[in-house]
Every structure is written in structure tokens, then in C-alpha cells.
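What follows is a set of notes on a single structure, which appears directly below.
Just so it is clear: chains get the letters A, B, ... in the order the sequence lines come, proteins before strands, and each one is counted from 1. It should be emphasised that the depicted structure is a prediction, and the values quoted were computed from it without experimental measurement.
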Amino acid sequence: MIASVDIETSCGVTECPGFGLSNSSKCEHAVHFKQNKIDIIGVWDGQAYFQFNEVQAFDQWLDNTKARIVGHGFKFDYKTLKAKGSRLHPRAVFGDTQLLGACVHNKIPAGYLKAYNEKRKELNAPLPPKQRHRVGTPLTLKTMAPFYLGVEPFWENPTSHDDPNYNRKDCEYTYRLHEKLVALTEQDGTYKFYKDYLVPWQKLLAEAEYEGVLIDEKMLHSMYGEATRELRTLEEEIHGVVGDCFRAYRNTLVDDLRSDSNSRLERYLETRLKDKSKSKAVKKRYKEALTKAEKELPTQFNLASSQQVLRILEWAGIDTAVEKRDKETNNWIEKEGTDKYVLKRAKVYTKNEFASKLLKYREKETEVSYLKQYINAVVGGRIHCTLSIVGTRTGRLSSSGPNLQNVKGSLRLPFLIADPTLYDIYTVDSSQIEPRVIAYLTADQEMVELFRQGRDYHNYATHKFFEETRVIPEQDIKKSEPSLRRTAKTGDLSIIYGTGAYTFQTMLLLREEMAIPIERCKEMVQSFRDGMKGVIGWKQNLENQYKGGTRIHDRFGFLVQARDDASIHMTLFNTFVQGMASRMIFHASLMAFRDFCAMGIDAKPLLWVHDEVVWRFPKAHSEFCRKLVDKRMTCYKLETPHGNVPLDVEGNLASCWQK
DNA sequence: TTCGGTAGCGCG
DNA sequence: AAAGCGCGCTACCGAA
């Protein structure tokens, strides 16, 4: 028997002012599986609706019926149920309509969503803030049920989320949606991908999110304190330098206030004031208000304001002109910017010291804001991010709440990941998986041979970029031409995806602080492309097929799609390579995890950063586990007419997360 | 006061 | 076409 399940939750932190509220401005506890409480567990078995308030009753029902459960975005429900003591086993979880929705070809069109969200806006207007209808996306039940089932859109009262009637509706619609979307995906030929990969992947993610990663809170706080102090020093230094500039800026603000005050006063005296004898008193009032406003003006620049930084940069003689693409017309337009590119340009081309100062400040400021995020995210000594498997078009994972896929290398020290007395932490990444996947897909003979012979891709690329280096044996490039190799490394992957000379120049400036004339960049890009004719040709052919309506699937059965609002040339091939690489790594972690489970070894992957996986291994078995994980990551058969492309991994066993 | 868009930045 | 792609988060800022 299949049954759909949906739970309603609210803040479960008794000392929180939002306690018991499902959707309040007080807190976000209702959506954290460790901080929420369950108000309703609703179940629809196709015939009848049941409701439980206690997980024990739900477990009892599950034991009796042996139901196979479907849900919508059920990972959250699963974690919450488990955290409240439910014995719900992953085996009992049969499907998820959100994952099905990601697989069906006929997705909700943009126009439909637009209409939905306009209606939403209308209904939201009279509602109190923070208690409004949430935005409808292509994968929310609120939009999927009306679209695929033809039922009326249903607008829950957002202030009382625990209304049993709404829960019943959610359960029923999930149940019907499941039947409908299974049929649709079977027609589309995507059901197999959903069943064999997405559902098991989702279950693995649920286990990892549930466990979370252990944090050394003491270290985290001390790093935050230290970074904050350093930031303050850098900030003071900058404010000390820009004093003149600030006073000029402040004068313009004062002038603005005065002229604004004057014009409002005049208008008032002319049009509103009937009793002219009161004009003196009015003037006095305006004068006082003006003085007060002037007193409240800032006493120093806000360095987080790009508008104000722009003034500083102009004062410091830094060129702020940048050229960007207009989103609508796709034309190049002149703009002003204060970003890293502008600052590095000033630092490298004109040796501007102020630019260096600001770069240092910005870097520290980012560290502080990241550390703050992590401090706020710790619950019970751990951070539990959410890993979304349908959040990206490419099929990569995305991480949120907080995003643990963009943690600066220098900030990874407090991430113990798991109890160091019991576990070793294994950080393993797949070496150069994207060019390897490219070699496999394109079956380019040179690239296949390159990897088969265990050679280095960046050395190879250096030969493609710089004709004059071809007299040097490839294996000697790294030590005899390190600078050229770094240049090649900067562009050897992205140029295949579409990077041109101008972007290449920018990347060289940002990453290597190299100042290369554009003509030289053009030559390098051209030279590289000429050397990669096989790969570029395959890419072109893929794009032509896609334009002709061919459905492109990767070896997992994943449908490869270009971005709607961008050119196929820029996104299709990248999507194929990036996504497939990520699926290979993720699936390898599932295979290894299953191996460990079968052997009774308590090893688990806890974090995925695209081509990097962070595991915890029981100390007694870590060497064995390491070998098995490496094997699972490298055992894919990437067959080409020129032989199989080998894979390679680089792993590090330690007591915390390694860079 | 809130909302939505933008700028900027981190990771792969 | 001077065409890298893929994400999430914070602060700012103008409009409502």
C-alpha cells in the first residue's frame, strides 16, 4: 500500500517568543528539524485521511499497515520525524513528488508561474508581514498540484499553518500527484533515473543532513574575535586615509539636506500655511529639524556601500570604469564598479596602494561575515545545512542554511565534522575530473592518451597555448615554465566552455595578478582553440543536435538541458560535463556507503562540494575505508575507441576538514 | 516598514 | 559576440 505523508511543524524552542508559531517573524525554528515540534502528521492512503499528533501513533500505524510512503520534499519531514523519535526507516520511503517534478519533461511554464505569483501578491497585500504566501516555484506543491492535476489553486491561511483541512489537502494532492507524475515520467523515459538514482541519493542526503557536521565552537568564536579585531584595524586605517574625501562627501549631504529643507519650507509657506503670522514659528521648526538631521548624518564612510566606495575610488584616482553586458539587449555597456577586478586593476597596473588596502579590508570583511554565519548556524554543536538535489539545472547539489559549499579554505579549521575520538575525517577530491569527462565524451584521441599515460593536463595545455614551449618535454614544463603553466591553467578549462580573450585577461588579472595586453590574450585563446579542434568540434556537433531537437541524456539517464535565457553555446556542454562529473562523484559515495553498511562499518559521507567528498571513518577502519572509497570513485569505465579514460583521486585523512 | 533587485564574493 | 558555467548569502538602496 502506498500512502502520502505530510507534517506540519512550528517553533519548538520553549524559551523562544515564537514558540508554537509555524510562520512568524520571531524565529525560523519551525523549519529546523532539531528546533521545531510537530503539530500534525497527516496521512492519506488513497481512501481515507488519518491524523496523528504523536510520532508513536504514526509509527504504530506504519507498523500495522506496512505502508510505503510518498511525500513532497519529504527529506525535511523525514529528518523531523526522526528527530522526534520516530522509527521511520528509509526503506519505508518510496517516493517524492518534488523529485518526480524535476524529472518530468513538461515542466510548469513561466507564464503559469507568473500568473500564480501575481495572484499571490494580491492576496498578500492585506496580510501581516512574515505571514504571507510563499513564492511559487516550479517544484512547490502549491503550483504543481493545480498544474498537473487540474485542481483549483489552494491558498492556505499562512497564519494558521496547522489547520487540519489544509494538511489533508496537501496529503491528497501529493498522493494523486505521485500517481500522475509516475505515469508522466514513465512516458518521458525519466522514471528510471528518478527511481534508481534520485530517490536513493535523496535518502543518503537525508542521513548526512541529519547527522550534520561537528563544529569546534570555541575555535570558531576565537577566530571570529580575532578576525573582527583585524577588520577594525584595517577599517580605521582606511578611514584615517580618506578623511578629506569624507568631509567633501559629507558637505554634499549637508547641501542636499539644506536645499531639500528649504524647498519644502517654501512649498509649505505658499500652499499650506493660511495664517501668515505663524510663519516665523514654522521657519524655526524647520530649522530645528534641519539641525537634527545634520547631526544624524554619518561620521564616516560606510565601506559596505558601493556607492560611497565609488566616491572614494574616484578620489583616490582609481579608474572605476567597467564594461558589462546588458541583461536585456546583451550589448556591452559602460558602467562603474568597485569590485575586486577594479581594485586589482589599480593595484597591478598603477601600483595603487589604497587599492591594496581596500582589497585586504574586503577579504577580512568576508571572513568575518562567513564566521558570523557559521556561529549563527550551530545547533547543539553541529551545523546542519540543507543539500538540494533539484536546485540546479546541471544536477549538481546546492547547499544552503548555511552554504557549506563555499567555505573559505582558511576557515575550515573549526569544522571537526565528527567526534575526533571516534572518527577520522577523510577529505577526498577527484583530480581534474572535468577534463577527464571531456576526454571521455569527445573521445578526442590526444586527450584520451594524455590521461591514459598519466600525464598532466596543465602541462599539455601549456603546449597548446605557447608554441615556443613545445621544444620542452611536457613533463618538464612545470619546473622550467611555471609562469606560462599558471597562465595556461587559468584558461585551459574555461576556454573550452567558451571564455574569450577579454574574460581570460580578467581571470589572469584576478587570479595571478598578471597584466597581459589584450592582443596577447587573443593570440593565446586562438592558439589554444586551434590545438583543441577535436574537442571544440564535438561540442559544436552536440549543440547542433540539441538545436535539432535531440534529447541529450548522460550515462545516468539525466536529461542535459541548456539554460533557457542563455545561448546553448555557453551552457549546454558545460552542463553536460559539470553535471556528469558531479553525479559520478556523488553516486560513488552512495556505492561506498552501501558497501560499508553491508559490512557493518559505521562510515558515512557528510558533505559534498561538487568534486570533493568529506567522510567520517571509524578510526579502527580508516585505512580500509579510504581504499574502498578511492576505488568506488575511480572504478567508472569511461570507454572510448582509444581506450578507457582513467580517473584519479587525491585524499587526506585528518582530524578535521582539509582544504 | 517591507520588497525586490543589484553589487560583491566565496566555493567548485 | 570581446560569449566560461554552476550555486547561496549579505548588505545596500530605491520603490511602494
[X] [atom1] - [N] [atom2] separation (whole Å):
| X | N | atom1 | atom2 | result |
| --- | --- | --- | --- | --- |
| A:Asn330 | C:dA3 | CG | C1' | 8 Å |
| A:Arg311 | C:dC12 | CZ | C1' | 16 Å |
| A:Ile375 | C:dT10 | CD1 | C1' | 16 Å |
| A:Ile496 | C:dA3 | CD1 | C1' | 16 Å |
| A:Trp332 | C:dA1 | CH2 | P | 13 Å |
| A:Leu231 | C:dA11 | CG | C1' | 14 Å |
| A:Arg393 | C:dG6 | CZ | C1' | 8 Å |
| A:Ile383 | C:dC9 | CD1 | P | 13 Å |

query = Of A:Ser400 and A:Thr394, whose closest DNA chain C nucleotide lies nearer the 5' terminus?
reply =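 It is A:Thr394, whose closest nucleotide lies nearer the 5' terminus.
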Lys/Arg N to Asp/Glu carboxylate O, [X] vs [Y], below 4.0 Å:
| X | Y | result |
| --- | --- | --- |
| A:Lys408 | A:Glu363 | yes |
| A:Glu236 | A:Arg232 | no |
| A:Glu226 | A:Arg229 | yes |

Of all of [range], which get a heavy atom below 4.0 angstrom from DNA chain C, listed by number?
| range | result |
| --- | --- |
| residues 537-547 of chain A | none |
| residues 554-571 of chain A | A:Arg563, A:Ser567, A:His569, A:Met570, A:Thr571 |
| residues 296-304 of chain A | A:Asn302, A:Ala304 |

[X]: side-chain contact (heavy atoms from CB on, under 4.5 Å) partners, not counting sequence neighbours:
| X | answer |
| --- | --- |
| A:Ala501 | A:Ile518, A:Cys521, A:Lys522, A:Val525 |
| A:Ala102 | A:Leu139, A:Val390 |
| A:Glu314 | A:Leu310, A:Thr320, A:Glu336 |
| A:Lys340 | A:Lys344, A:Leu359, A:Leu510 |

message = Under 4.0 Å, counting only non-hydrogen atoms across every strand here, what does A:Gly491 touch: a base, just sugar-phosphate, or nothing?
response =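 No contact.
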Touch class at under 4.0 angstrom, heavy-atom based, for A:Gln505 against every strand present =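 Contact class for A:Gln505: none.
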request  = Tell me, please, which residues at least two apart from A:Phe354 pass ring pair (Phe, Tyr, Trp, His ring centres under 6.0 Å).
outcome  =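 Once residues adjacent in sequence are excluded, A:Phe354 has no partner under the ring pair (Phe, Tyr, Trp, His ring centres under 6.0 Å) criterion.
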task = Name all residues meeting the ring pair (Phe, Tyr, Trp, His ring centres under 6.0 Å) criterion together with A:His458; count only those two or more places apart in sequence or in a different chain, and write none if there are none.
result =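 Checked A:His458 against ring pair (Phe, Tyr, Trp, His ring centres under 6.0 Å); zero matches.
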For [N] and [X] - does any side-chain N or O of the residue sit under 4.0 Å from the phosphate oxygens OP1/OP2?
| X | N | result |
| --- | --- | --- |
| A:Arg132 | B:dT2 | no |
| A:Ser305 | C:dC13 | yes |
| A:Ser399 | C:dG8 | no |

task = Starting from the C-alpha separation in whole Å, work towards a yes-or-no answer on side chain to side chain donor-acceptor pair (under 3.5 Å) for A:Glu365 and A:Tyr370.
result = CA-CA 9 Å; A:Glu365 153 52 46; A:Tyr370 274 49; over 6 Å; no
Residue pair A:Lys539 / A:Thr442, side-chain heavy-atom distance below 4.5 Å =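 No, every pair of side-chain atoms sits at 4.5 Å or beyond.
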message = Whether the A:Arg393 and A:Thr575 side chains hold a donor-acceptor pair (N or O, under 3.5 Å, no angle test) is what I'd like checked.
response =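 Yes - a donor-acceptor pair under 3.5 Å links their side chains.
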inquiry  = Is it the case that the side chains of A:His587 and A:Trp201 hold a donor-acceptor pair, with the cut-off being a distance below 3.5 Å and no angle test?
reply    =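 Distance-only check passes for A:Trp201 and A:His587.
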request  = Take A:Tyr116 and A:Trp155 through the ring-ring contact (aromatic ring centres under 6.0 Å, His included) test and state the conclusion after the steps.
outcome  = CA-CA 11 Å; A:Tyr116 177 92; A:Trp155 302 92; 4.6 Å; yes
request  = Would you mind listing every salt bridge (charged side-chain N to carboxylate O under 4.0 Å, His left out) that reaches into residues 570-585 of chain A, with sequence neighbours excluded?
outcome  =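 Every salt bridge (charged side-chain N to carboxylate O under 4.0 Å, His left out) pair that includes a residue of residues 570-585 of chain A, provided the two are not neighbours, is A:Asp554-A:Arg583.
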ask   = When the C1' atoms of the five terminal pairs at each end define the local axes, what inter-axis angle does the helix from B:dT1-C:dA16 to B:dG12-C:dC5 show, to 10 degrees?
value =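 Between the first-five-pair axis and the last-five-pair axis there is 10°.
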key: Sole candidate of A:Ile417, A:Val614, A:Val407, A:Leu404 that passes side chain to side chain contact (heavy atoms under 4.5 Å, CB included) when paired with A:Arg412   =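 Result: among A:Ile417, A:Val614, A:Val407, A:Leu404, A:Val407 is the only option passing the side chain to side chain contact (heavy atoms under 4.5 Å, CB included) with A:Arg412.
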query = Cation-pi between A:Arg555 and A:Tyr636: NZ/CZ under 6.0 Å from ring centre and within 45° of the ring axis?
reply =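 Checked: cation-pi criterion not met.
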request  = Sugar-phosphate atoms are those with a prime plus P, OP1 and OP2; base atoms are the rest. Using that split, label each nucleotide of nucleotides 6-12 of chain B B, S or - for protein heavy atoms under 4.0 Å, 5' to 3'.
outcome  = SSSSBBB
